[in-house]
Visitor: 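One structure is given below, represented as structure tokens, and several questions about it will come after.
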Amino acid sequence: MRVSSNRREREAPPAPEALTPLIDAHTHLDACGARDAADVRVIVDRAAAVGVGAVVTIADDLHSARWAARAAEWDPRVYAAAALHPTRADALTDEARTEIEALAAHPRVVAVGETGMDMYWPGRLEGCAAPAVQREAFAWHIDLAKRCGKPLMIHNRDADAEVLDVLRTEGAPDVVIFHCFSSDSAMARECVDAGWFLSLSGTVSFRNARALRDAVPLIPAEQLLVETDAPFLTPHPYRGAPNEPYCLPYTVRAIAELIDRPAEELAVITTGNACRTYGLAAPTG
Ligand SMILES: [Zn+2]
Ligand SMILES: [Zn+2]
């Protein structure tokens, strides 16, 4: 959950040169404006045209979780994840737990997330769950990921120590993905050593993200995923414009430049990683 700005007034970035194969490991199709099957198809067609053959759409509240599972039924290129976002952890009632458990068992829901800790919004955003409440909700989602045998997708904003502490206390599930990894080299090392996956978004292309850009070369390609987190975090030089899954090649090329490897090679490796971690069929076309 982020405070939406006037991004709709900004012009959409041009389509990048195609880069195949790619999977957008974390996006929010509903927040990109999709309402029904036709809307989903338009967005995913636009992505497919530049090589992004599949997307994982993430929920941040219960309504969004129900919608994400339906979107994944509408289009074979769409998969979903379900959880309550840490900032919304106050809403994790018994009824909500029952419903998220049912959604997590859905065959096209491929991860439990996004969950984790957000130390940025408490006190800044009205209604944001307090850290103690977030922590309890995070622990519950960790347990759910273990019970349903699906990857845990972590949201970590200004909360490296808190997230690591909860993971260590509760015990991490087999597959852990840090979505929109934006921390420094020390945190990257911790995660890499633990065997976790780090999913990079447009933030790696931001010129002022120095600590993150220094950390990127420390991540073995085998532990790397790529994502848009659309409609947020549009990659440089389109920062502030509306983001969509079709913008993913910009971010992959920015990573390729940082680690001095061909973007085509990164595309193949990260797509293989996404298929393995989420249990997806390889995208076609
Ligand atoms: Zn997030
Ligand atoms: Zn997100």
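Small disclaimer: the values here were computed from a predicted structure and weren't measured. All values below were derived from every heavy atom in this structure, side-chain atoms included, with hydrogens, water molecules and symmetry-related copies excluded.
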Visitor: Does one hydrophobic cluster hold both L92 and V112, with members joined at side-chain heavy-atom distances below 4.5 Å?
Guide: yes
Visitor: Does W67 reach the side chain of V40, with side-chain heavy atoms less than 4.5 Å apart?
Guide: yes
Visitor: Would you say L62 and W140 are hydrophobically clustered, going by side-chain heavy atoms of ILVMFWY under 4.5 Å?
Guide: yes
Visitor: Return yes if some donor-acceptor pair links the side-chain N/O of S205 with the main-chain N/O of H236 below 3.5 Å, else return no.
Guide: yes
Visitor: With side chain to side chain contact (heavy atoms under 4.5 Å, CB included) as the test, would you mind laying out the steps for H141 and I100 before giving the verdict?
Guide: CA-CA 9 Å; H141 284 101; I100 292 168; 4.3 Å; yes
Visitor: Any non-hydrogen side-chain atom of R97 less than 4.5 Å from a side-chain atom of L144?
Guide: no
Visitor: If you count every heavy atom of other residues, nucleotides or ligands that lies below 6.0 Å from N208 atom CG, does the total exceed 12?
Guide: yes
Visitor: Which of these passes side chain to side chain contact (heavy atoms under 4.5 Å, CB included) with F197: L225, I219, L224, I154?
Guide: L225
Visitor: Under a 4.5 Å side-chain heavy-atom rule over Ile, Leu, Val, Met, Phe, Trp and Tyr, are I177 and V226 clustered together?
Guide: no
Visitor: Closest approach of E162 and M119, non-hydrogen atoms and distance?
Guide: OE2-CE, 3.7 Å
Visitor: Is any side-chain heavy atom of I142 closer than 4.5 Å to one of L152?
Guide: yes
Visitor: Please determine whether residues F181 and L233 belong to a single hydrophobic cluster, defined as Ile, Leu, Val, Met, Phe, Trp and Tyr linked transitively by side-chain heavy-atom distances below 4.5 Å.
Guide: no
Visitor: Do L200 and W196 belong to the same hydrophobic cluster, where Ile, Leu, Val, Met, Phe, Trp and Tyr are linked whenever their side-chain heavy atoms lie under 4.5 Å apart, directly or via other members?
Guide: yes
Visitor: Verify, without hydrogens or angle tests, whether R213 (side chain) and V204 (backbone) share a donor-acceptor contact under 3.5 angstrom.
Guide: yes
Visitor: Might you confirm whether atom CZ of R66 has over 12 heavy atoms from other residues, nucleotides or ligands at distances under 6.0 Å?
Guide: yes
Visitor: To the closest 0.5 Å, what do you measure between CG (L84) and CD (E99)?
Guide: 9.5 Å
Visitor: Does R46 use its side chain to pair, donor to acceptor, with the backbone of A15 at less than 3.5 Å?
Guide: no
Visitor: Report yes if some heavy atom in the side chain of H155 is under 4.5 Å from a heavy atom in the side chain of C180; otherwise report no.
Guide: no
Visitor: Kindly say whether M187 contributes a backbone atom to a donor-acceptor pair with the side chain of D184 at under 3.5 angstrom?
Guide: yes
Visitor: Please step through side-chain hydrogen bond (donor to acceptor under 3.5 Å, both in side chains) for the pair E114 and H28, ending with a clear verdict.
Guide: CA-CA 11 Å; E114 51 186 299; H28 300 266; 3.1 Å; yes
Visitor: Is the CD atom of E265 crowded by more than 12 outside heavy atoms at less than 6.0 Å?
Guide: yes
Visitor: Suppose we call two aromatic rings close when their centres sit under 6.0 Å apart. Are Y238 and Y250 close by that rule?
Guide: yes
Visitor: Could D193 and R189 be called an ion pair, given the rule that one side-chain N must be under 4.0 Å from one carboxylate O?
Guide: no
Visitor: Closest approach of A89 and A137, non-hydrogen atoms and distance?
Guide: CB-CB, 3.6 Å
Visitor: What's the shortest heavy-atom distance between C275 and I23, and which atoms?
Guide: SG-CD1, 3.8 Å
Visitor: Any donor-acceptor pair under 3.5 Å linking the side-chain atoms of D24 with those of T228?
Guide: yes
Visitor: Of all heavy-atom pairs between A65 and L103, which one has the smallest distance, and what is that distance?
Guide: CB-CD1, 3.6 Å
Visitor: With the side chain counted from C-beta on, respond yes when E190 and L167 share a heavy-atom pair under 4.5 Å apart, and no when they do not.
Guide: no
Visitor: I'd like to know whether CZ of R41 has more than 12 heavy-atom contacts from other residues, nucleotides or ligands below 6.0 angstrom.
Guide: no
Visitor: Step through the shown structure and confirm whether more than 12 heavy atoms of other residues, nucleotides or ligands are within 6.0 Å of CD on E257.
Guide: no
Visitor: For a 4.5 angstrom cut-off between non-hydrogen side-chain atoms, does R253 reach L266?
Guide: no
Visitor: Given side chain to side chain contact (heavy atoms under 4.5 Å, CB included), test N273 with Q223 step by step and report yes or no.
Guide: CA-CA 7 Å; N273 295 342; Q223 282 169 261; over 6 Å; no
Visitor: Has T87 got a side-chain atom pairing as donor or acceptor with H85's backbone, closer than 3.5 angstrom?
Guide: no
Visitor: Any side-chain to backbone donor/acceptor pair from H106 onto A102? Under 3.5 Å, distance only.
Guide: no
Visitor: Give a yes or no on whether the backbone of Y120 and the side-chain of R157 come within a donor-acceptor separation of less than 3.5 Å.
Guide: no
Visitor: Is atom CZ of R210 surrounded by more than 12 heavy atoms (other residues, nucleotides or ligands) closer than 6.0 Å?
Guide: no
Visitor: Output yes when a side-chain donor or acceptor of E244 lies under 3.5 Å from a complementary backbone atom of C32, and no otherwise.
Guide: no
Visitor: Any Lys/Arg nitrogen of E170 or K146 sitting under 4.0 Å from an Asp/Glu carboxylate oxygen of the other?
Guide: no
Visitor: Could you walk me through whether D229 and N243 pass the side chain to side chain contact (heavy atoms under 4.5 Å, CB included) check?
Guide: CA-CA 8 Å; D229 203 12; N243 196 9; 5.8 Å; no
Visitor: Main chain of S64, side chain of D61: is a donor-acceptor contact present, judged purely on distance under 3.5 Å?
Guide: yes
Visitor: Taking H179 for the side chain and S201 for the main chain, is one N or O donor matched with an acceptor at less than 3.5 Å?
Guide: no
Visitor: What are the two closest heavy atoms between P86 and Q134, and how far apart are they?
Guide: O-CG, 3.2 Å
Visitor: Kindly indicate whether the side chain of F178, heavy atoms from C-beta on, has any atom under 4.5 Å from the side chain of V163.
Guide: yes
Visitor: Can you name the nearest heavy-atom pair linking L29 to T57, along with the distance?
Guide: N-OG1, 2.9 Å
Visitor: Within the 4.5 Å heavy-atom criterion, are V52 and P249 side-chain neighbours or not?
Guide: yes
